[in-house]
Amino acid sequence: MLTIHADSRGHALAVRGERIEAAGPLAELSAGHPHARVRTWPGLLTPGFVNLHGTELLERAYHPDPREAGLGTEPLTGDALRALALDDARWGASARRGVQRMLAHGTVAAACEPFLIRAVQDAVRRTGLTVLPRPHHPGGTPSLDPLASDLPPETPPARTPGSAACFAVFDVHDETELAERGATATCVATVIAGRLLFRRR
């Protein structure tokens, strides 16, 4: 089934399965595909972000389960992480929660060094998040919000017909407002390979 995703400015993507079939103004795509389902999002349709600190956020940090008393909500690193003495099950669960938190910030791909913990590797693969090779540490500060890492934000290549249907929507008027407000409170939806993996309620 063909779905047209459009933002508040009238920019749109026609998606069939895992691929983008067309990109352009909503009026043009709707006229060319009159039977397509149309999904209109508030704000700005973007290619999404590549989080350059995938290794640090998924394999060198623990994302607490909200049911774990006393651990808080922020990723645990350093001595706090070592004190947990995590087994494979908890590493896998942490990685899944970490990916979900990345998706909630409009991340469609993470740059990672080869995973050393098999449970993390398996968990990330099952989430559908795109993993890109990373030969070395990029510098900056690891952050779930790619706009808060002290590095220029990195985005995937431009979305063109035939490319993977990966994008994120932010409830802002333009790129300037997105840069000012960040991704934490503005991400509305994240789509990877045509699948809606995050939608803010």
Side-chain angles (χ1 to χ4, degrees), residues 1-52 54 57 63 66 73 96-111 124-132 143-149 151-201:
M1 179 178 182
L2 187 72
T3 300
I4 297 175
H5 296 267
D7 65 13
S8 299
R9 304 179 301 176
H11 296 177
L13 297 172
V15 175
R16 190 186 301 276
E18 299 181 358
R19 298 288 168 182
I20 293 173
E21 190 161 301
L26 173 59
E28 180 181 307
L29 295 190
S30 296
H33 306 279
H35 301 296
R37 180 178 68 164
V38 178
R39 172 172 268 168
T40 303
W41 297 101
L44 190 69
L45 192 64
T46 77
F49 292 112
V50 177
N51 193 308
L52 299 177
L57 292 170
H63 297 269
T73 59
R96 287 191 295 274
R97 290 190 292 271
V99 168
Q100 286 300 313
R101 297 184 74 185
M102 284 181 162
L103 295 171
H105 290 80
T107 292
V108 298
V124 173
R125 175 175 50 80
R126 293 189 187 106
T127 65
L129 180 71
T130 301
V131 175
L132 303 176
S143 174
L144 290 164
D145 184 347
L147 294 168
S149 67
L151 294 172
E154 185 162 326
T155 60
R159 299 150 301 165
T160 58
S163 63
C166 298
F167 55 90
V169 186
F170 297 91
D171 191 8
V172 295
H173 290 97
D174 52 32
E175 288 83 355
T176 300
E177 184 182 354
L178 176 57
E180 291 173 350
R181 295 179 57 193
T184 300
T186 61
C187 183
V188 175
T190 303
V191 173
I192 298 179
R195 296 167 55 206
L196 181 61
L197 297 184
F198 168 77
R199 181 176 186 179
R200 188 173 300 280
R201 292 182 172 84

Atom pair [atom1] ([X]) and [atom2] ([Y]), whose distance is rounded to the nearest 0.5 Å:
| X | Y | atom1 | atom2 | value |
| --- | --- | --- | --- | --- |
| Thr40 | Ile4 | OG1 | CD1 | 9.5 Å |
| His5 | Leu45 | NE2 | CG | 8.5 Å |
| Glu180 | Thr186 | CD | OG1 | 11.5 Å |
| Leu144 | Asn51 | CG | CG | 7.0 Å |
| Arg19 | Cys166 | CZ | SG | 8.5 Å |
| His63 | Leu57 | NE2 | CG | 5.5 Å |

Can any side-chain N or O of [X] pair as donor or acceptor with the backbone N or O of [Y] at less than 3.5 Å?
| X | Y | answer |
| --- | --- | --- |
| Arg16 | Glu21 | no |
| Ser30 | Leu26 | yes |
| Arg9 | Leu44 | no |
| Thr107 | Ala109 | no |
| His105 | Gly182 | no |

Using every non-hydrogen atom in the two residues, find where [X] and [Y] come nearest and quote the distance to one decimal.
| X | Y | answer |
| --- | --- | --- |
| Leu129 | Ala110 | CD2-CB, 3.9 Å |
| Ala111 | Val50 | N-CG1, 4.2 Å |
| Gly106 | Cys187 | N-SG, 3.4 Å |
| Ala23 | Arg159 | CB-O, 4.4 Å |
| Leu196 | Ala189 | CD1-CB, 3.8 Å |
| Val191 | Ala165 | CG1-O, 3.6 Å |

Query raised in the report: Can you tell which of Asp7, Thr46, Thr190 makes a side chain to side chain contact (heavy atoms under 4.5 Å, CB included) with Phe170?
Result: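 Exactly one pass, corresponding to Thr46.
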
Query raised in the report: Would you say Glu177 has more than 12 foreign heavy atoms packed within less than 6.0 Å of its CD?
Result: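 Yes, the 6.0 Å shell around CD holds more than 12 heavy atoms from other groups.
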
Report task. For side-chain contact (heavy atoms from CB on, under 4.5 Å), just list the numbers for Val99 and Val124, CA-CA rounded to whole Å, side-chain angles, deciding distance to a tenth of an Å, and then say yes or no. Result -> CA-CA 7 Å; Val99 168; Val124 173; 4.3 Å; yes

**Report entry** Side chain to side chain, Thr73 and Pro66, heavy atoms closer than 4.5 Å
**Finding:**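 Contact flag for Thr73/Pro66 side chains = no.
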
Report task. In sequence, state the C-alpha distance, the side-chain angles, and the governing distance for Thr127 and Leu197, and then conclude on side-chain contact (heavy atoms from CB on, under 4.5 Å). Result -> CA-CA 9 Å; Thr127 65; Leu197 297 184; over 6 Å; no

